[in-house]
Amino acid sequence: MRPFPEPDPGEPALGSPGRYLLWLASAHRASAVLAVGYGVLCTLAQAFVPAAIGRGVDRGLIAADRGALVTWCAVVLGLGVTQAVAGTLRDRCSVTNRFGASYRTMQLVTRKAAQLGAELPRRVSAGTVVSVGATDITRIGAALESTARGGGAAVSIAVVAGVMLTVSWQLGLVALVGVPLSAAAIAALMRLLHARQHRLRKEQGALADLAVDIVDGLRVLRGIGGERVFADRYRERSQRVRHEGVRVAGVESGVAAGRLLLPGLLVTVIVWLGAHFVGTGRMSPGALVAFYGYAVFLAEQLRRATSMVDQLTRALVAARMVTDLLAMEPGLGSGDRELDAEAARGPLRDPGSGLEVPPGRFVGVACARPDDMLVLADRLGRYVDSPVTLGGTPLAEFPLAEVRRRILVVDHDARLFSGGLAAQLDPHGPNSSPNSSTVSGTDRLRRALDTASAHDVVEALPEGLDQEITGGREFSGGQRQRLNLVRALLADPDTLVLVEPTSALDAHTEARVAEGLGAHRHGRSTVVFTTSPILLDRADHVVLVEGGAVVAEGRHGELLADARYRAVVTREVTVA
């Protein structure tokens with residue numbers, strides 16, 4: 001038996017959360033059926049123990065028949081062994097279902113995140129994604145695990161109720177009426193709990209969003225003294241989560257009380273009536289012992305069944321969040337026209353703004369409005385639909401994966417991930433670049449570190465390039481910028497688009513980066529969106545964008561004669 005499913009997650013049955021949970025169960029059909037089968041066998045073995053004990057009392061103890069007593073003791077032992085073996089197999093299969101469902105859901109969510117790519121943070125908050133990975137996946141797995149015990153409990157309740165009817169229809173009727181009434185009362189609380197849990201889940205997602213924002217902007221908050229404002233905002237949001245949690249806890253306490261109180265009352269009624277029947281001679285003492293065991297057994301199985309309903313209720317809320325994410329489709333289409341190396345080195349042109357990047361040139365783009373930088377970078381990299389062409393052919397006609405491989409956009413959101421630093425800078429390993437096959441991986445890395453002036457960042461780490469990092473949080477803003485530039489240079493795309501790559505660097509470091517960037521990228525296209533005169537002075541060609549359109553172009557020295565360009569680059573204020 002494999003503890004996990006095959007790596008290919010297949011296609012989920014999207015739509016309602018219930019359909020998704022059924023699809024997960026069908027994906028583990030063999031282990032799910034075995035788990036329920038073993039669960040039924042385990043609970044039935046447990047259910048027949050009171051009957052065997054009652055027979056042992058009547059035919060062995062009261063009748064003073066040693067042989068019958070030994071026989072029924074052996075039956076009880078056999079039922080106990082059966083229960084133990086079946087319970088072990090049930091737990092093995094149910095744990096397989098739990099981790100299999102969690103793992104398969106994680107595969108689907110991860111695959112969808114990779115499919116959406118840069119669209120994901122624009123359409124889903126970071127807190128929602130974190131909550132799906134940290135909470136919802138676990139709840140879905142727990143629900144599938146609970147079906148083994150809950151399914152066995154439901155079958156055994158029906159069987160035991162039937163047995164009680166055959167022995168004493170009065171007590172059997174009490175059980176048949178009492179069990180559904182108890183279940184109905186608890187189900188009503190479950191519906192209320194479902195609604196409260198849904199609201200709590202939304203509040204938790206909003207709180208996670210706020211926490212992510214605070215962590216990402218902590219340095220800035222400290223710089224401007226905004227920590228108290230965000231702390232108050234986080235405190236207010238966390239109190240809302242706490243209040244919702246208290247409301248959920250109130251309903252959960254009612255559910256827990258119902259699970260204990262209602263079955264307990266049912267047991268009390270059955271035992272009282274049974275004792276009355278024994279006193280009047282309508283029932284044997286052994287039958288009373290059996291009925292008491294049945295009542296206690298029913299109470300326990302009712303708690304298990306309601307626990308399964310509780311887990312399924314939580315899983316439905318979680319599955320709704322997962323299916324909402326999985327139902328998202330990329331907004332950008334992918335063409336099928338071949339994008340070979342020769343076509344990828346053609347001119348990149350944006351007809352909307354008039355911006356054109358000649359092949360093999362280092363182009364600086366100065367934008368009067370900072371927002372235009374990101375807009376134009378997204379259009380050049382085809383992160384949004386636009387009429388941008390490469391070599392005269394619209395980018396939309398090429399496969400999106402090839403466009404991403406040939407045109408790399410590095411903006412302010414570029415991040416380092418957790419793991420070894422060397423693997424973060426060069427994820428594909430040595431000699432991964434198609435443009436530098438004659439250069440060793442070590443030489444490529446050293447050259448990229450030189451160009452980005454990042455040797456001091458690596459040397460300051462105790463283990464150098466082997467240092468394990470935690471998402472880059474141990475680096476300053478300028479250090480992260482230089483390491484991101486190293487990674488971009490090692491990727492070595494045909495066209496590299498950089499957005500303010502040196503905004504956090506001091507003037508001396510920025511001058512060293514500007515000096516080496518053009519030479520490093522010689523023969524390949526490089527576009528740098530910046531207002532830094534140091535970088536613009538090193539560009540082969542400079543373009544001024546105002547109002548979303550190109551209004552001037554030339555060399556940096558030539559454009560300084562233009563008042564509009566000076567106002568953007570030197571921050572010169574023009575007085576009318």
Worked verdict on L325 versus L120 for side chain to side chain contact (heavy atoms under 4.5 Å, CB included): CA-CA 9 Å; L325 178 61; L120 181 63; 4.0 Å; yes
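- Comment: D136 does not engage R320 in a salt bridge, judged by the lack of any side-chain N to carboxylate O separation of less than 4.0 angstrom.
- A donor and an acceptor atom, one from each side chain of T105 and Y20, are located under 3.5 Å apart.
- Looking at heavy atoms from C-beta onward, I140 lies in side-chain contact with V322 at the 4.5 angstrom threshold.
- Residues M308 and E145 fail the side-chain proximity criterion, which asks for heavy atoms closer than 4.5 Å.
- In this structure, Y103 OH and T110 OG1 are separated by 9.5 Å, a value rounded to the nearest 0.5 Å.
- Between L483 and L425, the closest side-chain pair of non-hydrogen atoms falls below 4.5 Å.
- Annotation: cation-pi geometry satisfied between R404 and Y383 (NZ/CZ under 6.0 angstrom from ring centroid, within 45° of ring axis).
- Interatomic distance, R149 CZ to S156 OG, rounded to the nearest 0.5 Å: 12.5 Å.
- In this model, no donor atom of one side chain and acceptor atom of the other lie less than 3.5 Å apart for R314 and Q311.
- Taking 4.5 Å as the limit, every side-chain heavy atom of L79 sits out of range of all side-chain heavy atoms of Q46.
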Residue pair L416, F475: steps toward the side chain to side chain contact (heavy atoms under 4.5 Å, CB included) verdict: CA-CA 10 Å; L416 295 169; F475 301 117; 4.2 Å; yes
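- Atom CG of L34 sits about 11.5 Å away from atom OG of S94, to the nearest 0.5 Å.
- The distance from the OG atom of S31 to the CG atom of N97 is 3.5 Å, given to the nearest 0.5 Å.
- R98 places a side-chain heavy atom less than 4.5 Å from the side chain of T138.
- Atom CG of residue L326 and atom CG of residue L108 lie 5.5 Å apart, to the nearest 0.5 angstrom.
- L24 and R104 get closest at one heavy-atom pair: CD2-CD, 4.0 Å.
- Counting heavy atoms from C-beta outward, V410 and L408 have side chains that approach closer than 4.5 Å.
- Smallest separation of non-hydrogen atoms from Q424 and R487: O-CD, 3.1 Å.
- Two residues are said to be in side-chain contact when any heavy atoms from C-beta on lie closer than 4.5 Å; Q479 and E474 fail this criterion.
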Residue pair R242, Q239: steps toward the side chain to side chain donor-acceptor pair (under 3.5 Å) verdict: CA-CA 5 Å; R242 185 179 69 83; Q239 288 301 311; 2.9 Å; yes
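- Taking all atoms of both residues into account, the shortest heavy-atom contact from G464 to L421 is O-CD2, 4.1 Å.
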Evaluation steps, side chain to side chain contact (heavy atoms under 4.5 Å, CB included), between T43 and R304: CA-CA 11 Å; T43 51; R304 286 188 177 181; 3.9 Å; yes
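- Sorted by first and then second residue, the side-chain hydrogen bond (donor to acceptor under 3.5 Å, both in side chains) pairs involving residues 47-69 (not counting sequence neighbours) are D58-S284.
- When side chains are defined from C-beta on, F48 does not count as touching Q83, because their heavy atoms never get closer than 4.5 Å.
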